[in-house]
Amino acid sequence: MSLDSAEFHVAVYDLVRLIPVAKVTSYGHIAKLAGMPNHSRHVGQALKFLPPNPNPPIPWHRVIGASGTISSRGPGTDGAQRQRDALEAEGVEVTAGRTGELRIDLGRYGWFPSVDEVRALQGG
DNA sequence: ACAATGACGCAGC
DNA sequence: GGCTGCGCCATTG
């Protein structure tokens, strides 16, 4: 299956919407579910260009790195901090390391379903 | 066409 | 767990 960049964005949005409350998954896993395992970077690219008021909403904050850490996004930005607040508001524990990295326990909050499970959730 | 970039991932140390 | 190097690929300069 090959996806246009626009279709890829839409596929990413649909997958992100499936993430349960108080659960997190990784960019790479979303890419895998979208059928493009090597496009983990582009998942982040897609989330960077979220539509203004999506309906239903897109819980972008439930997508973190595969190592369980929230991506920095640059020193001058507050995106990572906003993501932390949104997660804690759902009851997800976020621990801050000494180097400033925001880590989440994937064993407790990780959500990594197989492609088949996701297809079932989507109605297939 | 070429070089640099980025909300990434994995193997090695 | 942290740091480094390499692979990945659409986008941007």
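A note on names: the letters A, B, ... follow the listed sequences, proteins ahead of strands, and every chain is numbered from 1.
Rounded to the nearest 0.5 Å, atoms CG (Asp14(A)) and CG (Leu33(A)) are 12.0 Å apart. Atoms CG and CG, on Leu121(A) and Leu15(A) in that order, are 10.0 Å from each other to the nearest 0.5 Å. In this structure, Trp60(A) CH2 and Leu47(A) CG are separated by 9.0 Å, a value rounded to the nearest 0.5 Å.
Pairing each heavy atom of Arg17(A) with each of Pro54(A), the nearest pair is NH1-CB, 4.3 Å. The two residues Leu50(A) and Tyr13(A) have their closest heavy-atom pair at CD2-CE2, 3.5 Å. When all heavy atoms are compared, the tightest approach of Gly110(A) to Lys23(A) is O-CD, 4.1 Å. Across Asp105(A) and Gly107(A), no two heavy atoms sit closer than the pair OD1-N, 2.8 Å. Nearest heavy atom pair, residue Thr69(A) against residue Ser67(A), reads OG1-OG, 3.1 Å. Annotation for Ser26(A) and Val63(A): closest pair C-CG1, 4.0 Å, computed over non-hydrogen atoms.
Applying the side chain to side chain donor-acceptor pair (under 3.5 Å) rule to pairs touching residues 27-43 of chain A yields nothing, sequence neighbours excluded. Within the structure, every pair that satisfies the salt bridge (charged side-chain N to carboxylate O under 4.0 Å, His left out) test and touches residues 54-74 of chain A, not counting sequence neighbours, is listed here: Arg62(A)-Glu90(A).
Think of the region where chain A sits on DNA chain B: with heavy atoms and a 4.0 Å cut, that region ends 5' and 3' at dG6(B) to dC10(B). Along DNA chain C, read 5' to 3', the first and last nucleotides having any atom under 4.0 Å from a heavy atom of chain A are dG1(C) to dT11(C).
Within 4.0 Å of His42(A), counting heavy atoms only, lies at least one base atom of the nucleic acid.
Residues Val115(A) and Leu18(A) are members of one and the same hydrophobic cluster, defined by side-chain heavy-atom contacts under 4.5 angstrom among Ile, Leu, Val, Met, Phe, Trp and Tyr.
At least one donor-acceptor pair closer than 3.5 Å links the side chain of Glu101(A) to the backbone N or O of Gly97(A).
Contacts between residues 43-74 of chain A and DNA chain B, counted as heavy-atom distances below 4.0 Å, involve Gly44(A), Leu47(A), Lys48(A), Trp60(A), Gly65(A), Ala66(A), Ser71(A), Arg73(A). DNA chain C lies under 4.0 Å from at least one heavy atom of each of the following residues of residues 99-116 of chain A: Glu101(A), Arg103(A). Near DNA chain C, meaning a heavy atom under 4.0 Å away, there are no residues from residues 16-24 of chain A. For DNA chain C, no neighbouring residue in residues 79-94 of chain A is found when judged by any heavy atom under 4.0 Å.
Its side chain within the 4.5 Å cluster rule, Phe112(A) clusters with Val24(A), Ile64(A), Ile70(A), Leu87(A), Val92(A), Val94(A), Leu102(A), Ile104(A), Leu106(A), Tyr109(A) among the Ile, Leu, Val, Met, Phe, Trp and Tyr residues.
Remark: Ser114(A) engages Asp116(A), Glu117(A) in a side-chain contact (heavy atoms from CB on, under 4.5 Å) (not counting sequence neighbours). Partners of Gln45(A) according to the side chain to side chain donor-acceptor pair (under 3.5 Å) rule, which considers only residues two or more places apart in sequence or in another chain, do not exist here. Residues passing the salt bridge (Lys or Arg N to Asp or Glu O under 4.0 Å) test with Arg108(A) are Glu93(A), sequence neighbours excluded.
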